Amino acid sequence: IYAEGYESDIQVEVACQYNDGYNPSIYTFCNNINTVEGGTHLEGFNLELNRDINKYARDAKLLKDKDEHLTAEDCREGITAVISVKHPDPQHEGQTKTKLGNSEVRKSVSDSYGTQLERFLLENPDQAKLIFEKASVASQARKAAKKARELTRRKSSLEISSLPGKLADCSSKDASICEI
């Protein structure tokens with residue numbers, strides 16, 4: 001997916017592609033300086049990626065009304081992207097110039113990339129479905145990991161407390177069965 005735009009003296013170029021991996025590789029630049037810590041251009045990209053994938057999934061009935069939205073982290077899984085902006089007066093945070101701070105860049109990237117991403121998703125329904133499925137699997141894995149973490153913590157806290165054999169923690173969520 002390639003997008004470019006020119007808005008109020010800010011030139012934006014974004015190129016991204018999904019792969020079979022699990023970790024996102026996102027590289028950001030401002031005036032050809034690598035902004036390793038990201039900044040407002042990365043925020044605009046993440047915002048628009050998440051918004052458009054969720055919007056497409058709702059419109060295509062891939063996500064039901066009762067389903068919760070995919071998170072930005074879910075949508076970024078397995079993406080490789082390069083975000084480059086040319087700004088006449090960049091404001092970097094810190095002396096090392098590794099993070100861009102111009103707030104207007106967020107809107108420029110969001111508008112330029114969002115238009116092209118939405119168009120790509122509508123024109124390529126097969127790829128859009130694959131992107132949604134990848135994000136959906138990431139969401140399920142995140143939820144399963146969270147549940148496993150909670151169960152492990154709960155189990156270890158029960159083992160520490162020394163309850164007599166007759167007194168054990170309730171295993172049901174139904175309060176009418178569990179309360180004395």
Side-chain angles (χ1 to χ4, degrees), residues 1-5 7 12-28 37-83 85 99-100 103-158 169-179:
I1 304 168
Y2 176 76
E4 68 179 325
E7 188 176 307
V12 177
E13 276 188 283
V14 178
C16 66
Q17 178 175 342
Y18 278 91
N19 56 47
D20 293 337
Y22 300 107
N23 296 324
S25 299
I26 301 175
Y27 305 97
T28 57
E37 295 179 31
T40 53
H41 49 333
L42 179 61
E43 291 171 13
F45 172 81
N46 289 336
L47 176 79
E48 204 55 48
L49 180 71
N50 189 16
R51 182 185 300 155
D52 283 351
I53 290 176
N54 277 306
K55 183 180 182 304
Y56 177 81
R58 295 268 183 222
D59 293 346
K61 306 270 188 274
L62 298 172
L63 272 178
K64 310 291 187 280
D65 290 335
K66 62 181 172 63
D67 294 340
E68 64 182 52
H69 286 297
L70 299 169
T71 64
E73 189 177 290
D74 298 334
C75 295
R76 281 192 313 262
E77 184 170 297
I79 196 169
T80 300
V82 178
I83 305 161
V85 295
K99 188 171 185 180
L100 184 65
S103 58
E104 69 274 8
V105 174
R106 182 184 303 113
K107 183 180 182 326
S108 296
V109 171
S110 185
D111 291 346
S112 300
Y113 177 64
T115 307
Q116 292 298 324
L117 177 61
E118 189 174 2
R119 186 170 153 198
F120 176 84
L121 293 174
L122 292 173
E123 289 177 357
N124 302 291
D126 294 339
Q127 282 93 353
K129 190 172 182 188
L130 290 173
I131 290 170
F132 168 75
E133 287 172 0
K134 184 162 185 65
S136 180
V137 167
S139 175
Q140 292 169 357
R142 178 179 47 82
K143 290 174 187 171
K146 181 180 177 186
K147 189 173 183 180
R149 246 188 334 271
E150 288 172 355
L151 284 173
T152 303
R153 288 182 184 149
R154 183 173 164 84
K155 194 176 244 183
S156 64
S157 66
L158 289 176
D169 195 35
C170 300
S171 60
S172 174
K173 299 238 186 234
D174 184 13
S176 64
I177 300 172
C178 298
E179 292 181 359

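None of the values given here were measured: they were computed from a predicted structure.
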Can you measure from CD (Glu104) to NE2 (His41) and round to the nearest 0.5 angstrom? 12.5 Å
Minimum heavy-atom distance between Asp74 and Ser139, given as atom pair plus value: OD2-CB, 3.3 Å
Say whether, by atom type as modelled, one donor and one acceptor occur between the side chain of Ser112 and the main chain of Ser108 under 3.5 angstrom. yes
Rounded to the nearest 0.5 Å, how far does CZ of Arg119 lie from CD of Gln116? 5.5 Å
Closest heavy-atom pair, Phe45 versus Val109, reported as atoms and distance to 0.1 Å, is N-CG1, 3.7 Å
Looking only at heavy atoms, what is the nearest atom pair of Thr28 and Gly38, with distance? OG1-CA, 3.7 Å
List in chain and number order the residues that pass side-chain hydrogen bond (donor to acceptor under 3.5 Å, both in side chains) with Glu13, two or more places apart in sequence or in another chain; answer none if no residue qualifies. Tyr2
Looking at Arg58, I'd like to know if its CZ atom is crowded, meaning that more than 12 non-hydrogen atoms belonging to other residues, nucleotides or ligands lie closer than 6.0 Å. yes
Between Arg51 and Glu48, does any side-chain N to carboxylate O distance fall below 4.0 Å? yes
Hey, which of Leu121, Asp126, Leu117 is the one that makes side-chain contact (heavy atoms from CB on, under 4.5 Å) with Ile131? Leu121
Could you state the interatomic distance from NZ (Lys146) to CD (Glu150), rounded to the nearest 0.5 Å? 5.5 Å
At their closest point, which heavy atom of Tyr113 faces which heavy atom of Cys16, and how far apart are they? OH-SG, 3.3 Å
Measuring from atom SG of Cys75 to atom CG of Leu70, what distance do you get when rounded to the nearest 0.5 angstrom? 5.0 Å
Minimal heavy-atom distance between Leu63 and Glu68, with the atoms involved, is CD2-O, 4.1 Å
Of all the heavy-atom pairs spanning Asp67 and Lys64, show the shortest one and how long it is. OD2-N, 3.0 Å
Look up atom CG in Asp52 and atom CD1 in Ile1, then write down how far apart they are to the nearest 0.5 Å. 9.5 Å
Glu7 atom CD, neighbour heavy-atom count above 12 within 6.0 Å: yes
Side chains of Gln127 and Tyr18: closer than 4.5 Å at any heavy-atom pair? no
Taking the basic N atoms (NZ, or NE/NH1/NH2) and the acidic carboxylate oxygens, is any pair closer than 4.0 Å for Glu77 and Arg142? no
Just wondering, more than 12 heavy atoms not from Tyr27 lying within 6.0 Å of its OH? no
Supply the atom-to-atom distance Asn19 CG to Ser25 OG, rounded to the nearest 0.5 angstrom. 7.0 Å
